[in-house]
Amino acid sequence: MAALLSLHTISQLQTNLSTSRVTVKPRAALHGAQRMRVPYELKQEQSRLFHQLPSGLNMEVIVQKGVAEKESDEKKERTSENPPLVFVHGSYHAAWCWAEHWMPFFSASGYDCYAISLLGQGESDAPSASVAGTLQTHASDVADFICKKLTFPPVLIGHSFGGLIIQYYIANAKPYQFLDMRDFFPELTGAALVCSVPPSGNSGLVWRYLFSKPIAAFKVTRSLAAKGFQTSVPLCKETFFSATMEDCLVLRYQELMKKSSRMPLFDLRKLNAALPVPSVPKSAIELLVLGANDDFIVDAEGLKETGQFYGVSPICVEAVAHDMMLDCLWDNGAKVILSWLKDLKK
């Protein structure tokens with residue numbers, strides 16, 4: 001039973017403007033003066049900056065500004081009013097997972113995009129502790145970036161455990177005047193939870209898998225807790241991607257995931273003891289709850305729990321798996337989010 005309960009590590013499904021360093025990428029040069037830990041080549045129009053947190057540690061942010069080509073001046077002016085999008089990854093990922101498809105997609109629709117690598121992940125600095133942080137510290141790091149770098153309330157988009165971090169942020173976002181600056185969580189325009197860990201954490205997922213899908217429970221444990229996805233392409237595909245994903249792409253993303261996480265995002269025992277996240281009044285924030293029909297990690301009950309917790313009807317996207325933003329039909333989910341974003345402006 002103890003071995004089975006290690007599935008709790010499904011988790012491993014897991015300044016200031018003047019002090020920020022910015023790296024603008026010429027397309028062909030990745031291994032220049034500053035060698036990257038994760039061998040991901042930024043696309044044209046993307047750049048990398050390092051946001052200095054109050055702790056003195058630097059947090060990687062990949063940036064792609066919104067464009068509005070071939071549009072009238074009037075429409076361009078309206079496009080500039082789009083809220084910025086801030087993307088937060090989950091375990092074994094980093095900012096690059098958004099830069100591959102979704103940042104170019106939303107940028108082309110006129111949205112400024114910012115993808116964060118949480119501490120200890122991607123090119124971000126690592127703290128001296130054995131884990132990268134807690135829900136509170138990760139959410140505070142996101143809040144610090146928003147507070148110091150953005151001038152308009154953003155939409156947060158979080159995947160997997162990144163979604164749980166956003167849920168903590170939402171629960172603590174309060175009017176400025178009631179907060180000490182050290183705990184300031186700036187206002188949001190909205191939030192989208194993509195294949196998110198539910199508000200109660202992964203415990204419910206663990207037990208459902210143990211009793212209803214024991215083989216799947218074993219595979220998830222081997223893949224995530226034992227990091228089997230790092231050495232097996234078939235297991236990596238089954239865990240994160242659709243069966244139709246080409247093996248060469250799975251291998252590429254597998255290599256990037258191997259190098260993306262230098263330490264666990266959380267201490268899982270402490271995390272689960274602190275859950276569920278605090279509830280918020282219904283309609284306190286514009287929220288989209290999005291799941292994947294072929295998700296091997298977050299099941300339909302987990303998606304339903306998140307929707308019920310926030311009083312919204314979840315949307316389950318067909319023909320995509322857990323890594324919706326990287327899957328072969330990545331645009332299925334992106335289009336749902338874009339439609340929701342457009343409705344926010346009405």
Side-chain angles (χ1 to χ4, degrees), residues 43 45-46 61-72 74-90 95 97-116 142-143 145-146 149-160 162-167 169-170 173 185-196 280 282-293 303 306-307 310-320 323-327 329-346:
K43 301 181 185 300
E45 310 303 328
Q46 292 178 349
V61 183
I62 296 176
V63 181
Q64 186 165 4
K65 294 291 188 174
V67 296
E69 297 179 355
K70 300 179 182 178
E71 294 181 354
S72 67
E74 181 184 357
K75 190 169 183 180
K76 285 183 181 179
E77 185 177 344
R78 288 202 306 273
T79 312
S80 68
E81 297 174 358
N82 288 339
L85 309 181
V86 177
F87 298 88
V88 184
H89 64 84
C97 71
W98 306 106
E100 183 78 346
H101 298 301
W102 279 20
M103 289 180 72
F105 175 86
F106 289 108
S107 169
S109 297
Y111 292 86
D112 290 346
C113 297
Y114 304 86
I116 288 171
V142 174
F145 169 76
I146 292 171
K149 292 298 196 303
L150 303 184
T151 58
F152 192 85
V155 170
L156 287 179
I157 300 176
H159 175 252
S160 197
L164 192 62
I165 291 168
I166 289 176
Q167 291 176 54
Y169 186 114
I170 292 169
F185 288 79
E187 177 188 1
L188 302 175
T189 294
L193 307 177
V194 180
C195 300
S196 177
V280 297
K282 299 296 185 288
S283 302
I285 185 173
E286 295 291 341
L287 196 69
L288 173 67
V289 176
L290 198 63
N293 189 61
L303 179 65
T306 305
Y310 291 104
V312 300
S313 298
I315 297 175
C316 191
V317 182
E318 297 293 326
V320 290
D323 270 18
M324 186 187 299
M325 65 286 187
L326 293 172
D327 214 354
L329 295 178
W330 59 266
D331 54 331
N332 284 4
K335 289 174 181 176
V336 173
I337 295 175
L338 181 60
S339 176
W340 172 75
L341 287 170
K342 290 178 177 177
D343 285 342
L344 290 181
K345 297 173 65 177
K346 293 179 180 178

Atom [atom1] in [X], atom [atom2] in [Y]: separation rounded to 0.5 Å?
X	Y	atom1	atom2	value
Asn332	Met324	CG	CE	8.5 Å
His159	Phe87	NE2	CZ	12.5 Å
Leu193	Leu287	CG	CG	5.0 Å
Ser339	Leu344	OG	CG	10.0 Å
Ile166	Ile285	CD1	CD1	9.0 Å
Glu318	Leu329	CD	CG	11.0 Å

Who pairs with Ser196 by side-chain hydrogen bond (donor to acceptor under 3.5 Å, both in side chains), at least two apart in sequence or on another chain?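 Partners of Ser196 by the side-chain hydrogen bond (donor to acceptor under 3.5 Å, both in side chains) criterion, ordered by chain and then number, come out as Gln167.
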Not counting sequence neighbours, which residues clear side-chain hydrogen bond (donor to acceptor under 3.5 Å, both in side chains) with Trp340? List them please.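 Testing Trp340 for side-chain hydrogen bond (donor to acceptor under 3.5 Å, both in side chains), a comparison that skips the adjacent residues, returns none.
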Is the closest side-chain heavy-atom distance between [X] and [Y] below 4.5 Å?
X	Y	answer
Val312	Leu288	no
Ile337	Val194	yes
Leu85	Leu341	yes
Tyr169	Leu188	yes
Phe106	Gln64	no
Glu45	Val67	no
Phe152	Thr189	yes
Pro104	Gln46	yes

Ignoring hydrogens and angles, tell me if any N or O in the side chain of Asn293 forms a donor-acceptor pair with the backbone of Ala319 under 3.5 Å.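 No, because the side chain of Asn293 does not come within donor-acceptor range (under 3.5 Å) of the backbone of Ala319.
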Check: Trp330 main-chain N/O paired with Trp102 side-chain donor or acceptor under 3.5 Å: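 At least one qualifying donor-acceptor pair exists.
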For residues [X] and [Y], report the shortest heavy-atom separation together with the two atoms involved.
X	Y	value
Ile157	Trp98	O-CZ2, 4.1 Å
Ala191	Ile170	CB-CD1, 3.9 Å
Cys97	Leu326	O-CD2, 3.5 Å
Met103	Ala115	SD-CB, 3.6 Å
Gly333	Leu290	O-CD2, 4.0 Å
Pro314	Gly307	CD-CA, 4.2 Å

Regarding Tyr114 and Lys65, is there a side-chain donor-to-acceptor distance under 3.5 Å anywhere?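 Result is yes, a qualifying pair exists.
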More than 12 heavy atoms of other groups within 6.0 Å of Glu100 CD: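 Yes.
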Applying side-chain contact (heavy atoms from CB on, under 4.5 Å), run through Asp112 and Leu150 and close with a yes or a no. CA-CA 10 Å; Asp112 290 346; Leu150 303 184; over 6 Å; no
